[in-house]
Amino acid sequence: MQIYNLLFERFGKRYWWPAETPFEVVVGAILTQQTTWTNVEKAIRNLKEKGFLELELLSNANENEIYELVRPAGYYRQKTKRLLGVARYIYTNYGSIEHMLNQPTDKVRNELLSLNGIGPETADSILCYAGNHLKFVVDAYTYRLCNRIPLLQIGDGKEHAWDRYHKVQRYFEENMPKELEIYREYHALIVECGKRFCKTKPKCLSENNSEIERCPISEICRYYDIFVHER
DNA sequence: ACCCAGGTGGCCC
DNA sequence: GGGCCACATGGG
């Protein structure tokens, strides 16, 4: 939790997830896969203008009328299909995302995971930010943080991706308060820190010294008396 | 002209 | 059950 505090002091409250409704979280979670949020915002804006952030309308939509709206978010054909598939599932089985989320965590999670286009990170994002479920979201930045501190050496490879995901998730969940606000802010703080300092080339651990001084990961390492060297 | 982004699923051996 | 690869746009 010292890590959380250090990140919080540095970046402050993030107010995640940036969305007006739970269903918008679902849409955003799918669109943001392997894509920058600024591109996702454009697609969300397009969908919102046409009213497609409303479940019934989206689930009755045709792929061809969605393609162009989703295009700025990249992978637009694939994401359109996934969006429609998920919307149709929720609409026909529950009528609303809130109704679907109003069930035990594990049941919703397994159901989400069975849908095409929803893997562990997307499922947990929906549970944590659209619902009120205590599920910590793990992403690429979380792995990098674990590796670089080093907190939980986990590697960067794609092998055993699911095992690795749940290993990291369990580690965080076992070591943090069971509070929704902390779950939400912590992941958001890791993303913010990652966007600035944890690119694939570890800027914070190399190049100029002023960046090293300003990098919270360096502070964290200093706090834990871990010697950080070039890698 | 590269490289990368808040992943996921499918196919091949 | 791994190890690759397609998916695609926009910004640094």
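By convention in this document, chain letters (A, B, ...) are assigned in the order of the sequence lines, proteins followed by strands, and residues within each chain are numbered from 1.
Side-chain atoms of E111(A) and Y89(A) include a donor-acceptor pair closer than 3.5 Å. A donor-acceptor pair shorter than 3.5 Å cannot be found between the side chains of Y129(A) and K135(A).
Residue N116(A) has its side chain nearest to dG9(B) when only dG9(B), dG7(B), dA5(B) are considered.
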*Sugar-phosphate means primed atoms, P, OP1 and OP2; the rest is base. With that split, encode nucleotides 3-12 of chain C 5' to 3' as B, S or - using protein heavy atoms under 4.0 Å.*
S---BBBSS-

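On the P atoms, dC11(B) is 16 Å away from dA8(C), given to the nearest whole Å. Look at the P atom in both dC7(C) and dA1(B): the space between them is 22 Å, to the nearest Å.
Between the OG1 atom of T122(A) and the CZ atom of R82(A) there is a distance of 8.5 Å, given to the nearest 0.5 Å.
For the pair W162(A) CH2 and dT8(B) C1', the interatomic distance rounds to 9 Å; values are reported in whole Å. In this structure, I126(A) places its CD1 atom 13 Å from C1' of dG7(B), rounding to the nearest Å. Separating the NZ atom of K81(A) from the C1' atom of dT8(B) is a distance of 15 Å, rounded to the nearest angstrom. In this entry the distance linking CG of D124(A) with C1' of dG7(B) reads 13 Å, nearest Å. Atom OH of Y165(A) and atom C1' of dT8(B) are 13 Å apart (whole Å).
Distances shorter than 4.0 Å separate none of the side-chain N or O atoms of T32(A) from OP1 or OP2 on dA5(B). Phosphate proximity of dA5(B) to R144(A): present, with a side-chain N or O under 4.0 Å from OP1 or OP2.
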*Hey, mind stepping through L113(A) and W162(A) against side chain to side chain contact (heavy atoms under 4.5 Å, CB included) and telling me if it holds?*
CA-CA 12 Å; L113(A) 289 175; W162(A) 280 52; 3.9 Å; yes

*asked:* Could you walk me through whether R45(A) and K48(A) satisfy the side chain to side chain contact (heavy atoms under 4.5 Å, CB included) test, starting with their C-alpha distance in whole Å, then the side-chain angles of each, then the deciding distance to 0.1 Å, before giving a yes or no?
replied: CA-CA 5 Å; R45(A) 200 156 44 233; K48(A) 193 174 290 189; 5.7 Å; no

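Here T122(A) lies in heavy-atom contact (under 4.0 Å) with sugar-phosphate atoms only.
Comparing S125(A) and G117(A) against DNA chain B, the residue whose closest nucleotide sits nearer the 5' end is S125(A).
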